[in-house]
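Notes for the one structure printed next.
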Protein chains: 2
Amino acid sequence: MAVRKPRLGRDDWTAAALTAIGEQGLAGVAVEPLAARLGTTKGSFYWHFANRDALLAAALSSWDETYTDAILRTVDAEADPTARLRALFVAVTASERAPVEVHLHAAADHPAVAPAMRRAVARRTAYITAQLTALGFDQAEAERRALFAYATYLGHIQLVVRIPEAVPQGPALEAYLGTVLAAVLGNSKTAANSSQAGTGSSSGMAAGRSANSESSNSSALSP
Amino acid sequence: MAVRKPRLGRDDWTAAALTAIGEQGLAGVAVEPLAARLGTTKGSFYWHFANRDALLAAALSSWDETYTDAILRTVDAEADPTARLRALFVAVTASERAPVEVHLHAAADHPAVAPAMRRAVARRTAYITAQLTALGFDQAEAERRALFAYATYLGHIQLVVRIPEAVPQGPALEAYLGTVLAAVLGNSKTAANSSQAGTGSSSGMAAGRSANSESSNSSALSP
DNA sequence: GTCTCTCCATACGGTTCCGTATGGAGGAGG
DNA sequence: CCTCCTCCATACGGAACCGTATGGAGAGAC
């Protein structure tokens, strides 16, 4: 049981930084504390990285790969758009993801984080939008619902991380998420027109309806 | 145009702290920078407050009053539950609110912020839940939809603050918010049962339908 | 006018972090 | 064995804050 000196590499620092983001947010990406946690000193760090921003950039790149690329790749292997969206919902509400996502979104005003976050949000919503258009929604409605879904996702993980007691557990959580997914996929029937009945897709849910193409339903806000 | 020395009071510091939270988050609540901005020095601050945490507590108290109490009071003056929820939606998506809300939610891991935030979320969701039960939803469904609404609210203001270009503007935004409100109020028809009519409120929208009382619709997640 | 009480300015020490400088350990190649 | 090259430890200076100590400046009481 010797106290091996593992000789850290760039990747070790990057992984530690991502972990720290999940635990303490951007403030956790601090050279000296990370060095202490890795059992080394700043001397090591400044050998592998020019400065703190370089570490941050590496961590963000790693985040982009594992929190967007990998997820979308996996999910995209599903058979049809509905299955893909469902798989996306399930994958994305896995609790290990939440802390890093929440902390990074919370730091989206940081100059290094902002562009990465913009890119990630754009890619994610674009993917959802694509699935929805494939289901028959017109572009505007698909974008609306994709944004709706993403906002709900954001709020949800934020509640899970910050106010966990506000979020149901176990089967109640699944029921809740089912309701949410149904709201995104289903016919929300916001205005008076478009009252065609629902074409249930094979897997039981209402999906695939070209909804009313905007204009109409601001009536919900202005009586 | 003499350089009047306005002789600051406790409230000036508190207001400045809340403003700083809106601009820079909790980190903006720093004694020396605030003093500089107020044109004074730390000597003033430590006369009015014991320490930084005391200022934070005062700012959080002020936030509670103007960002929850006042809003709920105003909104509750509306005639019926539907109108109250609609007014709440409108009031709460007013853009001046968003930055403070987002930054405070992002700091909900701070020991001073956590209890205030827990309390605020509990009160807000409880209010929404009460309106929904008044519309005929049973308790479980009302809670589910209230949480759904709150999560969407959270995600929305976060996007508005962090990635504003992802959120539509003007009429498209109203259409979007109309869709969201309709999704919360409307019958999302996730399962097959439950078709009793609701106590329709006067103001026009489809609302007040007692939906299915859970158990059923986790089918949306597990095909 | 002088006293006193409220409020603020200045100066100091302490903490935590960033970044630099410099001097080794320790193994791979010769 | 010696050398070089990679990697790390230690020591230092600087910035940004927090909190304390202490000495006034100003305005009302009398």
Side-chain angles (χ1 to χ4, degrees), chain A residues 1-60 103-104 106-107 109-114, chain B residues 1-60 103-104 106-107 109-114:
Chain A
M1 296 291 182
V3 196
R4 301 260 313 264
K5 292 222 137 194
R7 226 101 212 288
L8 302 159
R10 216 168 181 277
D11 295 348
D12 299 295
W13 284 96
T14 305
L18 241 190
T19 302
I21 289 176
E23 293 172 357
Q24 314 169 253
L26 263 210
V29 184
V31 178
E32 281 160 328
L34 280 184
R37 231 165 74 156
L38 289 174
T40 182
T41 65
K42 312 195 315 185
S44 170
F45 175 80
Y46 284 101
W47 173 259
H48 295 291
F49 294 89
N51 50 32
R52 194 206 156 201
D53 282 347
L55 173 61
L56 199 55
L60 286 170
H103 282 122
L104 268 189
D109 53 342
H110 187 287
V113 178
Chain B
M1 297 290 180
V3 194
R4 299 259 313 266
K5 292 220 137 193
R7 224 107 212 284
L8 302 159
R10 215 167 182 278
D11 294 349
D12 299 295
W13 284 97
T14 304
L18 240 191
T19 302
I21 289 177
E23 293 171 359
Q24 313 169 256
L26 263 208
V29 184
V31 177
E32 281 160 330
L34 280 183
R37 230 165 74 157
L38 289 174
T40 182
T41 65
K42 314 195 313 183
S44 171
F45 175 81
Y46 283 100
W47 172 258
H48 295 290
F49 295 89
N51 51 32
R52 195 206 154 200
D53 282 347
L55 173 61
L56 200 56
L60 286 172
H103 282 122
L104 269 190
D109 53 342
H110 187 287
V113 178

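Order of the sequence lines sets the chain letters (A, B, ...), proteins ahead of strands, with each chain counted from 1.
The two residues Leu104(A) and Val113(A) come nearest to each other via the heavy atoms O-CG1, 3.8 Å. When all heavy atoms of Trp13(A) and Leu55(A) are compared, the closest pair comes out as O-CD1, 3.6 Å.
Each of Gly43(A) and Ala30(A) lies near DNA chain C, and the nucleotide nearest Ala30(A) is the one positioned closer to the 5' end. A residue-by-residue look at Glu32(A) and Ser44(A) shows that Ser44(A) has its nearest nucleotide of DNA chain D further toward the 5' end.
In this structure, CG of Asn51(A) is placed 5 Å from P of dG19(C), rounded to the nearest angstrom. Rounded to an integer number of Å, the gap from Arg52(B) CZ to dT20(D) P is 15 Å. One can place CZ of Phe49(B) at 18 Å from C1' of dC17(D), the figure rounded to the nearest angstrom. Regarding Leu38(B), its CG atom lies at a distance of 16 Å from the P atom of dC7(C), rounded to whole Å. Separating the CG atom of Leu34(A) from the P atom of dC8(D) is a distance of 15 Å, rounded to the nearest angstrom. Rounding to whole angstrom units, CZ of residue Phe45(A) and P of dT10(D) are separated by 18 Å. Atom pair Leu55(B):CG and dG19(D):C1' shows a separation of 14 Å (rounding to whole Å applied). Look at CG on Leu26(B): it is 12 Å from P on dC18(D), rounded to the nearest Å.
The CG atom of Asn51(B) sits 7.0 Å away from atom CZ of Phe45(B), with the distance rounded to the nearest 0.5 Å. The CD atom of Glu23(B) sits 11.0 Å away from atom CG of Leu18(B), with the distance rounded to the nearest 0.5 Å.
Of the listed nucleotides (dC12(D), dG19(D), dC8(C)), dC12(D) has the atom at the smallest distance from the side chain of Lys42(A). For Tyr46(A), the listed nucleotide lying nearest its side chain is dG19(C); candidates were dG19(C), dC8(D), dC17(C).
Here Trp47(A) reaches the OP1 or OP2 of dC7(D): one of its side-chain N or O atoms lies under 4.0 Å away. When the side-chain nitrogen and oxygen atoms of His48(A) are compared with OP1 and OP2 of dC8(D), one or more of them lie within a distance under 4.0 Å. Contact between the side-chain N/O atoms of Thr40(A) and the OP1/OP2 oxygens of dA9(D) is found at a separation under 4.0 Å.
At the heavy-atom level, Thr41(A) lies under 4.0 Å from base atoms of the strands shown.
At least one side-chain heavy atom of His110(A) sits less than 4.5 Å from a side-chain heavy atom of Leu56(A).
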